[in-house]
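Step one of this worksheet: look at the structure below.
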Protein chains: 2
Amino acid sequence: MQISSRFSVAVHVLSLLALQQEDDVLLTSERMAGSVNTNPVVIRRILGQLKKAGLVEVRPASGGTFLTRRPADISLLAVYRAVEVVAEGHLFSVHDKPNPACPVGRNIQAALDDTLQRAQTAMEQVLAGATLQHVTTDILAKTAATG
Amino acid sequence: MQISSRFSVAVHVLSLLALQQEDDVLLTSERMAGSVNTNPVVIRRILGQLKKAGLVEVRPASGGTFLTRRPADISLLAVYRAVEVVAEGHLFSVHDKPNPACPVGRNIQAALDDTLQRAQTAMEQVLAGATLQHVTTDILAKTAATG
DNA sequence: CTTTTTGTAACTATCGTGGTTACACTGCTA
DNA sequence: TAGCAGTGTAACCACGATAGTTACAAAAAG
């Protein structure tokens with residue numbers, strides 16, 4: 001099982017917002033959906049989560065959507081947490097209720113927990129070290145290169 | 001979405017095998033299921049994957065199951081790979097088919113790929129650094145401590 | 001007041017998981 | 001060699017998450 005694409009869609013949407021021109025046409029959920037190639041409702045749902053996390057501000061009516069911070073101040077970990085693709089601290093699921101009458105069953109959870117936690121943290125630290133700025137810079141570089 | 005418990009069950013089963021006494025009663029899928037607290041078929045399915053990965057040897061009939069290597073030579077990453085909880089190199093799923101007519105849509109996948117790959121690798125490196133031996137040692141220590 | 005867009009609810013299809021039953025096959029053992 | 005304990009697997013089910021879709025009320029801006 002993989003981590004939901006909500007995360008990559010969220011980064012995509014935030015990149016669009018980060019690169020949006022002041023004088024450009026407003027970025028509606030419909031336009032974003034066009035770039036992501038999905039349904040506007042899917043975008044609005046994710047936008048709702050990003051809003052709840054304080055990453056974006058959405059103006060209802062014919063308003064538009066904007067970042068609340070500079071791209072350099074938005075880490076991919078913040079986005080990852082915002083869309084809740086993985087419940088905090090539970091990347092790995094461990095079978096609950098092993099048999100307490102067995103030494104292994106009684107202690108396996110505790111014996112595994114430390115390692116799994118470290119594995120998860122190692123992954124998240126990489127996300128913490130990357131920002132939306134890095135992504136958009138990369139996109140601009142690639143756009144310039146390939147036309 | 002989390003990583004399947006197949007992984008933790010596999011480590012549980014391997015721990016049972018590692019700690020099994022020579023003169024002990026044979027570890028059947030039924031007994032292991034008793035310790036994990038699940039159905040024997042679930043155990044057999046996982047044993048099948050561990051066997052395919054060359055981590056255990058299973059003697060059909062009234063045979064029993066054994067590790068093919070010493071616990072110190074079985075990394076948790078090998079177990080993780082064996083049970084295929086995550087397709088190799090694809091911990092994160094990225095939305096396919098973004099709009100190629102949009103600069104962001106055209107380059108988001110490549111722009112994200114490097115970071116996501118590093119995040120995944122960081123996680124796997126922690127698993128690579130832990131062995132079945134570490135787990136069983138920990139279990140024995142906890143068993144001795146709590147009785 | 002009309003128009004545009006957001007916010008949500010509700011429903012759907014699809015997929016992975018984990019549990020369960022059923023049964024053929026294997027190989028020891030009496 | 002017949003019996004039987006245990007494995008290997010197929011088939012099916014229930015459950016939950018995902019992602020897509022339709023529908024519509026609520027919000028503002030003109």
Side-chain angles (χ1 to χ4, degrees), chain A residues 1-10 12-13 16-17 20 25-34 36-53 56-66 83-87 90-99, chain B residues 1-10 12-13 16-17 20 24-34 36-53 56-66 80 83-87 90-99:
Chain A
M1 187 59 73
Q2 352 187 71
I3 292 174
S4 162
S5 68
R6 276 207 304 280
F7 175 52
S8 63
V9 171
H12 185 145
V13 164
L16 289 171
L17 293 172
Q20 119 180 268
V25 187
L26 284 181
L27 267 179
T28 65
S29 64
E30 181 133 12
R31 289 181 143 269
M32 300 191 221
V36 173
N37 191 22
T38 182
N39 193 289
V41 174
V42 171
I43 300 294
R44 279 181 239 153
R45 278 203 281 246
I46 290 174
L47 238 28
Q49 295 185 287
L50 296 177
K51 188 173 65 168
K52 201 162 73 176
V56 303
E57 182 190 341
V58 182
R59 306 239 184 82
S62 54
T65 306
F66 309 90
V83 294
E84 295 171 333
V85 280
V86 168
H90 294 95
L91 175 59
F92 294 88
S93 69
V94 175
H95 54 298
D96 53 347
K97 318 196 205 57
N99 190 342
Chain B
M1 187 59 70
Q2 340 186 87
I3 292 174
S4 163
S5 69
R6 275 207 304 282
F7 175 52
S8 63
V9 171
H12 186 146
V13 163
L16 289 171
L17 293 172
Q20 114 181 272
D24 207 352
V25 188
L26 285 180
L27 268 179
T28 65
S29 63
E30 180 133 13
R31 289 182 143 266
M32 301 191 220
V36 172
N37 192 22
T38 182
N39 192 289
V41 174
V42 172
I43 300 294
R44 280 182 241 153
R45 277 203 281 246
I46 290 175
L47 279 178
Q49 295 186 286
L50 296 177
K51 188 172 66 169
K52 201 162 74 175
V56 303
E57 182 192 340
V58 182
R59 307 239 183 83
S62 53
T65 305
F66 309 90
Y80 173 86
V83 294
E84 295 171 331
V85 280
V86 167
H90 294 94
L91 175 58
F92 295 88
S93 69
V94 175
H95 56 296
D96 53 348
K97 319 195 204 55
N99 191 343

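Side-chain atoms are counted along with the backbone in the values below, which use heavy atoms only and exclude waters and symmetry mates.
- Atom CD1 in I43(A) sits roughly 16 Å away from atom P in dT8(C) (whole-Å rounding).
- Considering only the side chain of V41(A), dA23(D) comes nearest among dG8(D), dA23(D), dA19(D).
- Nearest nucleotide to the side chain of N39(B), out of dG19(C), dT7(D), dT5(C): dG19(C).
- Looking at S4(B), its side chain never comes within 3.5 Å of a backbone N or O of V85(B) through a donor-acceptor pair.
- Phosphate proximity of dG18(C) to T38(B): absent, as no side-chain N or O sits under 4.0 Å from OP1 or OP2.
- Judged by distance alone, with hydrogens and angles left aside, the side-chain atoms of Q20(B) form no donor-acceptor pair with the main-chain N or O of F66(B) at under 3.5 Å.
- In the set dT18(D), dT6(C), dG20(D), dT6(C) carries the atom at the smallest distance from any side-chain atom of R44(A).
- Between the side chain of S5(B) and the main chain of S93(A), no donor-acceptor pair closer than 3.5 Å is present.
- Contact check, S29(A) against dT5(C): no side-chain N or O comes under 4.0 Å of OP1 or OP2.
- Rounded to an integer number of Å, the gap from F7(B) CZ to dT17(C) C1' is 17 Å.
- Along DNA chain D, the nucleotide nearest to R45(B) and the one nearest to E30(B) differ in position, and the one closer to the 5' end is contacted by E30(B).
- Candidate nucleotides dA19(D), dT5(C), dG8(D) were compared by shortest atom distance to the side chain of S4(A), and dA19(D) ranks first.
- Using the six-membered ring where Trp is involved, F92(B) and F7(A) have ring planes that are tilted, between 30° and 60° apart.
- In this entry the distance linking CZ of R31(A) with P of dT6(C) reads 12 Å, nearest Å.
- Nearest to the side chain of M1(B), among dG18(C), dG16(C), dA17(D), sits dA17(D).
- Counting only heavy atoms from C-beta on, S5(A) has its side chain closest to dA19(D) among dG19(C), dT21(D), dA19(D).
- The backbone N or O of E84(A) sits less than 3.5 Å from a side-chain atom of R6(A), completing a donor-acceptor pair.
- Here the C1' atom of nucleotide dA19(D) and the CG atom of N37(A) are 13 Å apart, to the nearest Å.
- We find that CZ of F66(A) is positioned 11 Å from P of dT6(C), with the value rounded to whole Å.
- Between K51(B) and dT7(D) there is no side-chain polar atom (N or O) within less than 4.0 angstrom of OP1 or OP2.
- Distance, R59(B) CZ to dT26(C) C1': 14 Å, rounded to whole Å.
- Distances shown here put a side-chain N or O of R6(A) below 4.0 Å from the OP1 or OP2 atom of dT18(D).
- One atom, NE2 of H95(A), and another, P of dG18(C), lie 11 Å apart when rounded to the nearest Å.
- The CG atom of L26(A) sits 13 Å away from the C1' atom of dT6(C) (whole-angstrom rounding).
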